[in-house]
Amino acid sequence: MTDNRFNPAEADARWQRAWDEACCFEADSHSDKPKSYVLEMFPYPSGRIHIGHVRNYTMGDVLARYKRMTGHEVLHPMGWDAFGMPAENAAMEKGVHPGGWTRDNIANMKAQLRRIGFALDWSREVATCDPEYYGHEQALFIDLYEAGLVYRKESEVNWDPVDMTVLANEQVIDGKGWRSGAEVEKRKLNQWFLKITDFAEDLLEGLGKLDDWPEKVRLMQENWIGKSRGLQFAFDLSNGETLPVYTTRPDTIFGATFVAVAPDHPLAQAVAAQNCDAAKFIERCKRGGTTAAELETAEKLGFDTGIGARHPFTGENLPVFIANFVLMDYGTGAIMAVPGHDQRDFEFATKYGLPIPRVVAPSVEDAGKPFDGEAESGEGVIVNSDFLDGMDVESAKREVIRRIEGEGRGEGKTVWRLRDWGVSRQRYWGTPIPFIHCPTCGVVPAPKDSLPITLPEDVDFQTPGNPLVRHPTWKHVDCPKCGGKAERETDTLDTFVDSSWYFLRFASQPADRPFDREEVAAWLPVEQYIGGIEHAILHLLYARFWTRALQRMGHLDFAEPFASLFTQGMVTHETYSREEGGKTVYYAPDEISREADRALSKADGGEVSIGRVIKMSKSKKNTVDPDEIIAKYGADAVRWFMLSDSPPERDLPWSEAGIEGCWRFVQRLWRLFGRHERDAAGEDKALLRKTHQTIAAVAEDIESLSFNKAVARLYELAGAIEKAEPSATRSEAIRTILLLSSPMMPHLAEEGWAAIGGEGLVADAPWPAFDPALLVEDEVTIAVQHKGKLRDTLTVAKGLPKEELETLALASEKVQRSIDGASVRKVIVVPDRLVNIVT
RNA sequence: GCCCCUGUGGCGGAAUUGGUAGACGCGUUCGACUCAAAAUCGAAUUUCCACGGAAGUGCCGGUUCGAGUCCGGCCAGGGGCACCA
C-alpha cells in the first residue's frame, strides 16, 4: 500500500463501475439459492434525492449486501413512482412537458443513487409512467372490473372554477384554490371506485398475522378500517316517514333525548326545500374546516326541523335536528343522541337546553348522580332504563338488539369506517382508465389488445382544464362493442394504484402480461420492506388490498405482499435563525460557522441563535444536499453516518461534527487494513475471541436492523485490533473487520480487499464464519452487592458453583466493611452474574 | 377532543429483557508528535465529595433480596386522526 489515505473521490466511481461490469447485483429468478427480496419504497422523481432517501436506501442496501454474503439470491430493485401532480405543476409553471420533466429527473436521481454505491438491480428498473408499465396496469384494472371489484358512482370533489380543475384536499387552503385563489365549489362527478370494503374483514384479520410489522402501523390500519358492532333501527317520524339510525350504544337507548341527521341527509334536504332558514343553516355547515382537530373544537350547531321522532320503547316524542357534527357517509347519516354518554351529544344538548338524563352509573346507588360537566362514556351499570336496569353495558346492548329485532324495527349490524377507494383523478399525468363511453352500449372496457392506451404527447398546460378532455382527437374512438362513435374515459388513475403492484413487476417482467405467477411466487412476499411512516395507512393498505384482489382472481397465491415492514425515522438538523427587521430569518448550515456552543453568520460575523433539531425542510433552510456531502466525504462516510448512533426507527440528527467523525473512521479502518500481513505468525487468544464475538453480534444486529449497534461493535473491534500486537490472529481480524464492514462501506472494503490480496470482489465474498465455542468467556466478572448496592466485583472462572461464589463474596474486605458485623440473613447468588448479601 | 409513542451524562444513544447504569460515537479538557498547523496517538470526561463514600435513568408512589426495565398515578415532548355515534 503506497498511499496512506483512502481517496473516495477516485475509488468510489471505480468500484461502482466494477460492480456494474460484473453484473453483481442482477437477481437470478432461477437460482437454487434461498431467495431474499429486500425492498425500499420507490421514490417520486422530484428531481433530487434527499437525505431521507439516502437513509432509507442505505438501510436496505446493508441488508441486501449482507444477505448476498450469507448465501442468498437477493432481489434488490429500484424504480420510480413517476406519475403525479408535481409534473403537471412544473408543466404549468415552466412550460415543460410532464414526461420530459419526469424523465430528466429520473436520470438525475439515478445518477445520484449510483454515486452512493447501492447494490441495486438496475436491469429491473421500472417507471410507472412508462406505457409498458401502465399498459399492464390497465389490463389488471379491466380484470378487476370483470371480477366485480370496480364500479362507478357519484361523488363530491373540490372544484376550482377558475382553473377548471379538481383539487386535492391539500390544494384547498381556507376554502380557496391554492393557485387561482378562487372560492372552491363542491361538485358531484361520476367517478371510479375500487371495492376495498369487500375485503374489510379480511384486511383487518390479516393484520393479526403480520407479526413483523410495527405494532403502531397495525394499530393505525385497524383504526382506519374501524369495525364497529351496533344496532340499526328506524324511528317513526311525526310526518309519517321513518328514519333509520345507527348506534354503537344501544344500551343507552333510554337516555336518547333527541335525534340528529347530517346536513346532507335526504331528510335535511327535504326540510331545506321548504324552509330557507334550514337551507341557510346547511350552507353554513358546508363551510368550516375539514380536519379532525378543527372540527373537534368547532362549536356544535343544530337546526330544529320541527319534526318529532317516536322513541321505540317509551313512546316519547324526540325533536329531530339537523346537526353539523353528524356525518352522512358513516352509518345511516342519522343518530339517536344520548347526551349523558356521548361528549358531542352532551355539548349539543347543553347548548340547546335539552335534557341530559343518566342511564349508565358506576353503581345502582348512583342513579341520580349529576354529571361533572362532561359525558360519561365508560363502563357501568344501566339505570333509569326500565327493563335494562341493573344490567352491565354488554348485556344491555344484546338485550336491546334482541328486542328491536323481535319487533322487526331493526337489526344488529356491523359498520365499517373504511370506505371504497376512489381512484378517479381528473388529470393528465396518470394512467388512463381503460374504458370507453358509448351512447348505445354504455361503459365498455377497452379491448385488451388495444392496450396500452397511451397518453397523447401534444398537450398544453397553459389553458385551464384537463388536457385529455380538450385534446382534439385523443378521446374520440369507435365503440369496441357496436362500432359506433364513442369517447374514451378522460379520468386517470390515482397514483396509489401504480404503487399497489410495482413490487410484483420488479419480481417478474414478461412482455405480454403484468407478471408471471410462478416467478412472483419465487420471490414474494417481500422479505423486508423499508419506508417512511407517512405511508402507514394508504399505500400499505391499498397494496394489501390489491394483492388480495389479485389472489381472488387467481393471479397470485398469497394475500400479504410484505412479510416484514420497517418504518425508518427522519433525518433532522438544528436550525439557525435570527430576528431581522421584525421577522425570523433562517440560515442554511453552510451560511454559518458553528462553534462549540454558538453559531456565527459567515456573511457578517453576527451571532445566530441555534434552534431546535427538526425535520429537514426547505422553509427552515436546515437541509443538507447528499451530492455535496458525498463529494466532500465520499459515499462510505455518508452511509456510515446514516447507520450510526440513532436507532433506525428514530430520528437521526445530522451534524457536521458527526460526519467528520465518520470520515475519520473511514481513514482509521484504511490504516488498519494497511497493517494486514499475509504471513504473520502467532496467536492472540483475546483478539480471536473478540473477533468471533463481533462476527456473531454484527450478523444479529444487521438481521434485526439494529445498525447503530452493529456500528458500535465494529468500533470496538477496531479498537481491539489497534491495541493488539502483530500476529496471525491480528491479520485475520483485519480481514474479518473488512468483511463485516463491507455491507456498510462497500467502496472502502473493495479497495482494502484488493490491497490485502483478497480474491475477486468483496461484493461476492462470503460472510465470515464464527466458532460458537469462542463466543463464551471463560472468566466472568461477578457483582457483589450488599443490600442491593454494589460493594465489590470479583473476577472468577465461569460456572463457579453458588457456594464458592458466596464464600468468595463474603471474604471480600469491602463487603465485610459494608456489613460491619451485622448478621447475614440471606444471600442471593445468581451464577456468573452476582451475589447479593442481605443483612 | 380521541388514539398511539417516547423521556437515561453537554449531545446521539448502550444495557444479555428484573441482576455491575452510562458500551460505542460526538463534543470538551489535558498531554505527546510538530518551528507551527493539519492529521495522528495517549489520558480524562454522570453529579457531589471530607477520596471512606453518597446520590443518580422526567416526577410521586408500589412490587422485589435487587427496578432504566414490572405495576399505579402524574408531568413533559412527539406523532396519527375521516366529529365514526
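Everything numeric in this text was worked out from a predicted model, so none of it was measured. These numbers come from the heavy atoms of this one structure, side chains and all, not from hydrogens, waters or symmetry mates. Proteins get letters first, then strands, A, B, ... in listed order; numbering begins at 1 in each.
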Distance check, [atom1] atoms only: [N] and [M], in whole angstrom units.
{"N": "A15(B)", "M": "U69(B)", "atom1": "C1'", "answer": "10 Å"}
{"N": "C51(B)", "M": "G19(B)", "atom1": "C1'", "answer": "28 Å"}
{"N": "G68(B)", "M": "C75(B)", "atom1": "P", "answer": "23 Å"}

TODO: Select base, sugar-phosphate, or nothing to describe what Val326(A) touches, counting heavy atoms under 4.0 Å on all strands.
DONE: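 Base contact - Val326(A) has a heavy atom under 4.0 Å of at least one base atom.
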
Task: Contact letters for nucleotides 18-26 of chain B, in which S counts primed atoms plus P, OP1 and OP2 and B counts the base, heavy atoms under 4.0 Å - done: -BB--BSSS

Where does the angle between the aromatic ring planes of [X] and [Y] fall among parallel (under 30°), tilted (30 to 60°) and perpendicular (over 60°)?
{"X": "Trp421(A)", "Y": "Tyr542(A)", "value": "parallel"}
{"X": "His311(A)", "Y": "Phe235(A)", "value": "perpendicular"}
{"X": "Phe348(A)", "Y": "Phe321(A)", "value": "perpendicular"}
{"X": "His535(A)", "Y": "Phe496(A)", "value": "perpendicular"}

Task: Ranges pairing with ranges for RNA chain B, where each run has three or more Watson-Crick or G-U pairs under 3.5 Å - done: B:1-7 with B:75-81, B:10-12 with B:24-26, B:27-32 with B:40-45, B:46-48 with B:53-55, B:58-62 with B:70-74

Open item on the list: Can you confirm whether Glu534(A) is buried at CD, in the sense that more than 12 heavy atoms of other residues, nucleotides or ligands lie under 6.0 Å from that atom?
Closed with: yes

Open item on the list: Check this for me: Lys787(A), atom NZ, are more than 12 non-hydrogen atoms of other residues, nucleotides or ligands nearer than 6.0 Å?
Closed with: no

Would you indicate which nucleotide in [options] comes nearest to any side-chain atom of [X]?
{"X": "Val838(A)", "options": "C41(B), G53(B), C65(B)", "value": "C65(B)"}
{"X": "Ser646(A)", "options": "C4(B), C83(B), G13(B)", "value": "G13(B)"}
{"X": "Arg650(A)", "options": "A85(B), A82(B), G13(B)", "value": "G13(B)"}
{"X": "Pro647(A)", "options": "G13(B), A85(B), A55(B)", "value": "G13(B)"}

Open item on the list: Heavy-atom nearest nucleotide on RNA chain B for Arg249(A) versus Leu538(A): which residue maps closer to 5'?
Closed with: Leu538(A)

Expressed as a whole number of angstroms, how long is the span from [X]:[atom1] to [N]:[atom2]?
{"X": "Ile533(A)", "N": "C4(B)", "atom1": "CD1", "atom2": "C1'", "result": "10 Å"}
{"X": "Phe233(A)", "N": "A85(B)", "atom1": "CZ", "atom2": "C1'", "result": "11 Å"}
{"X": "Arg55(A)", "N": "G12(B)", "atom1": "CZ", "atom2": "P", "result": "14 Å"}

Task: Flag side-chain contact, heavy atom, 4.5 Å: Leu834(A) against Gln785(A) - done: yes

Open item on the list: Assess, by modelled atom type and distance only, whether the side chains of Asp792(A) and Ser812(A) contain a donor and an acceptor separated by less than 3.5 Å.
Closed with: yes

- [ ] Ignoring backbone atoms, test whether Arg417(A) places a side-chain nitrogen or oxygen under 4.0 Å from the OP1 or OP2 oxygen of A85(B).
- [x]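 Negative; the distance criterion is not met.
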
- [ ] Using a cut-off of strictly less than 4.0 Å, decide whether Arg218(A) has a side-chain nitrogen or oxygen near OP1 or OP2 of G80(B).
- [x] no

Task: Salt-bridge criterion met for Lys227(A) and Glu201(A) (N-O under 4.0 Å) - done: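 Yes, this pair counts.
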
